[in-house]
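Numbers restart at 1 for each chain; the letters A, B, ... are given by sequence-line order, proteins then strands. In this text, all values refer to a predicted model and were calculated from it rather than measured experimentally.
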Number of protein chains: 2
Amino acid sequence: MKLVQIYQCLCDETRLRLLHLLLQGPLCVCHFQAVLNEPQVKISKHLGYLKTRGLVTASRQGNWMIYALPAGRERMPELEANLACLQDCVAGNAVFKRDLARLRKLDLACAPIEAVRGTGRGCC
Amino acid sequence: MKLVQIYQCLCDETRLRLLHLLLQGPLCVCHFQAVLNEPQVKISKHLGYLKTRGLVTASRQGNWMIYALPAGRERMPELEANLACLQDCVAGNAVFKRDLARLRKLDLACAPIEAVRGTGRGCC
DNA sequence: GAGTTATATTCCCCTGGAGGAATGTAGTTG
DNA sequence: CAACTACATTCCTCCAGGGGAATATAACTC
């Protein structure tokens with residue numbers, strides 16, 4: 001994983017928003033759709049882009065795909081550093097703050113991700 | 001200056017190397033050419049790209065163009081944070097370390113940038 | 001002014017990738 | 001099994017931008 005590739009992953013706003021949300025923990029695609037309010041194909045393709053390049057992992061749970069930041073990313077210091085930097089940089093940004101707010105609403109309205117994993121039901 | 005645009009500037013290796021060198025201080029184009037060992041047009045176009053987007057400034061000193069990171073970039077916290085992150089990330093990288101080593105050799109072999117400014121002679 | 005140096009710009013070709021409509025696929029539910 | 005849900009993939013179009021050859025420009029030198 002070269003540094004340039006990390007930046008290539010970060011140079012699209014949709015992907016920035018996806019990664020930013022993932023800093024909160026694993027999420028399924030319907031979460032992203034609900035929070036970003038973007039077409040399914042767009043979300044899916046950007047997640048695929050990130051997955052291909054190793055910035056996220058995906059695991060199927062029944063009908064849902066759970067995306068997460070890679071476990072053990074302490075071993076990818078460049079990624080870790082840039083994600084931390086990203087989180088700092090967007091702290092005051094309206095779009096990203098709104099995303100976070102929507103995510104929290106979802107976590108109340110929908111079953112949280114743990115429930116998804118446990119029961120295979122109750123996502124969005 | 002939006003965050004995505006910063007990442008767009010960072011997502012090319014040549015530009016990463018240019019910015020990394022500029023963290024050492026202002027430099028003229030011939031420095032970049034000598035250190036990166038890339039065609040003049042390539043260097044010049046990437047510097048133009050960065051300049052257009054406000055990541056570097058340029059000032060003419062006689063025959064030479066002096067490029068530098070923008071003064072007062074403390075007021076662009078995202079840029080500042082990402083440049084710091086970049087410097088961290090490349091600390092152990094062979095290409096970037098070699099660039100730095102070459103730059104230091106140049107600073108011995110050529111007149112340093114202060115001399116360029118003072119006399120208008122003695123660059124590369 | 002002619003020549004030279006340092007740098008920028010223009011022209012070309014070519015690839016990556018963004019966006020979206022339509023379709024495919026895996027898993028679940030009844 | 002059929003129907004449905006959640007998601008991925010394929011096809012298309014379009015454009016930014018990377019690389020290089022050639023040319024232009026700006027400033028200095030003589």
Side-chain angles (χ1 to χ4, degrees), chain A residues 2 4-5 7-18 26-53 55-68 106 110-111 113 116-124, chain B residues 2 4-5 7-18 26-53 55-68 106 110-111 113 116-124:
Chain A
K2 294 194 68 179
V4 186
Q5 295 177 297
Y7 287 123
Q8 285 167 352
C9 288
L10 295 177
C11 72
D12 176 273
E13 177 157 2
T14 303
R15 289 197 292 267
L16 281 186
R17 293 170 74 190
L18 294 174
L27 292 171
C28 72
V29 181
C30 55
H31 281 108
F32 294 119
Q33 287 180 230
V35 170
L36 299 202
N37 195 30
E38 298 275 5
Q40 182 255 325
V41 58
K42 187 169 173 180
I43 303 277
S44 186
K45 285 209 284 192
H46 282 296
L47 285 170
Y49 184 105
L50 292 172
K51 184 183 165 196
T52 301
R53 287 155 184 82
L55 266 76
V56 304
T57 61
S59 64
R60 178 176 285 278
Q61 295 289 338
N63 238 332
W64 297 278
M65 292 296 298
I66 313 288
Y67 282 87
L106 274 190
C110 308
I113 202 73
V116 173
R117 298 196 163 210
T119 70
R121 301 172 58 242
C123 196
C124 296
Chain B
K2 293 194 67 178
V4 186
Q5 295 176 296
Y7 286 124
Q8 284 166 353
C9 288
L10 295 177
C11 71
D12 176 272
E13 177 157 1
T14 303
R15 289 197 293 267
L16 282 186
R17 293 170 74 190
L18 294 174
L27 293 171
C28 72
V29 181
C30 54
H31 281 109
F32 293 120
Q33 286 179 230
V35 170
L36 298 202
N37 195 29
E38 297 274 4
Q40 181 255 326
V41 57
K42 187 169 174 180
I43 303 277
S44 186
K45 285 209 285 192
H46 281 297
L47 285 170
Y49 184 105
L50 292 172
K51 184 183 164 195
T52 301
R53 287 155 184 82
L55 266 76
V56 304
T57 61
S59 64
R60 179 177 284 277
Q61 296 288 338
N63 237 333
W64 296 279
M65 292 296 298
I66 313 288
Y67 282 87
L106 274 191
C110 306
I113 201 74
V116 174
R117 298 196 162 208
T119 70
R121 300 172 59 243
C123 195
C124 295

ask   = Contact class for V41(B) (heavy atom, under 4.0 Å): base, sugar-phosphate, or nothing?
value = base

request  = Write down the distance between CG (D12(B)) and C1' (dT15(C)), rounded to a whole number of angstrom.
outcome  = 14 Å

note = Taking every heavy atom of T14(B) against every heavy atom of D12(B), the minimum-distance pair comes out as N-OD1, 2.9 Å

ask   = What is the distance, rounded to the nearest whole Å, between atom CE of M65(A) and atom C1' of dA8(D)?
value = 9 Å

Nearest-Å distance for atom pair CH2/P, residues W64(A) and dT29(C) = 7 Å

ask   = For T14(B) and L47(A), take the nucleotide of DNA chain D holding the closest heavy atom to each; which residue's nucleotide lies nearer the 5' end?
value = L47(A)

Non-hydrogen atoms of C11(B) and V4(A) that approach each other most closely = O-CG1, 3.4 Å

request  = Measure the distance from CZ on R15(A) to C1' on dG19(C) and round it to the nearest whole Å.
outcome  = 13 Å

key: Spacing between N63(A) atom CG and dG27(C) atom P, to the nearest angstrom   = 9 Å

Protein-nucleotide distance (Y67(B), atom OH; dA6(C), atom P), rounded to Å = 15 Å

key: d(CG, L18(A); C1', dA18(C)) in whole Å   = 14 Å

query = Ignoring hydrogens and angles, does a donor from either the side chain of K42(B) or the base of dG20(D) sit under 3.5 Å from an acceptor on the other?
reply = no

remark   = Walking DNA chain D from its 5' end, the first of Y49(B) and P39(B) to be reached, judged by nearest nucleotide, is Y49(B)

task = Look at the side-chain N and O atoms of R60(B) and state whether any lies under 4.0 Å from the OP1 or OP2 oxygen of dA6(C).
result = no

request  = Given side chain to side chain contact (heavy atoms under 4.5 Å, CB included), test L27(A) with I66(A) step by step and report yes or no.
outcome  = CA-CA 5 Å; L27(A) 292 171; I66(A) 313 288; over 6 Å; no

request  = Sort out for me which residue in L36(A), V35(A), N37(A) forms a side-chain contact (heavy atoms from CB on, under 4.5 Å) with I43(A).
outcome  = L36(A)

query = Looking at dA6(D), does its base get a donor-acceptor pair with the side chain of Q40(A) below 3.5 Å?
reply = no

message = Regarding F32(A), tell me which of base, sugar-phosphate or nothing describes its non-hydrogen contacts under 4.0 Å with the strands shown.
response = nothing

message = Given 3.5 Å as the limit, does a donor-acceptor pair link the side chain of R15(B) with the main chain of Q8(B), or not?
response = yes

request  = Give a yes/no on whether any side-chain N or O of H46(A) is located under 4.0 angstrom from OP1 or OP2 of dG19(C).
outcome  = yes

task = Find the distance I43(B):CD1 to dT9(C):P and express it as a whole number of Å.
result = 15 Å

query = Considering only heavy atoms and no angle criterion, is a donor-acceptor pair shorter than 3.5 Å present between the side chain of K45(A) and the base of dG19(C)?
reply = yes

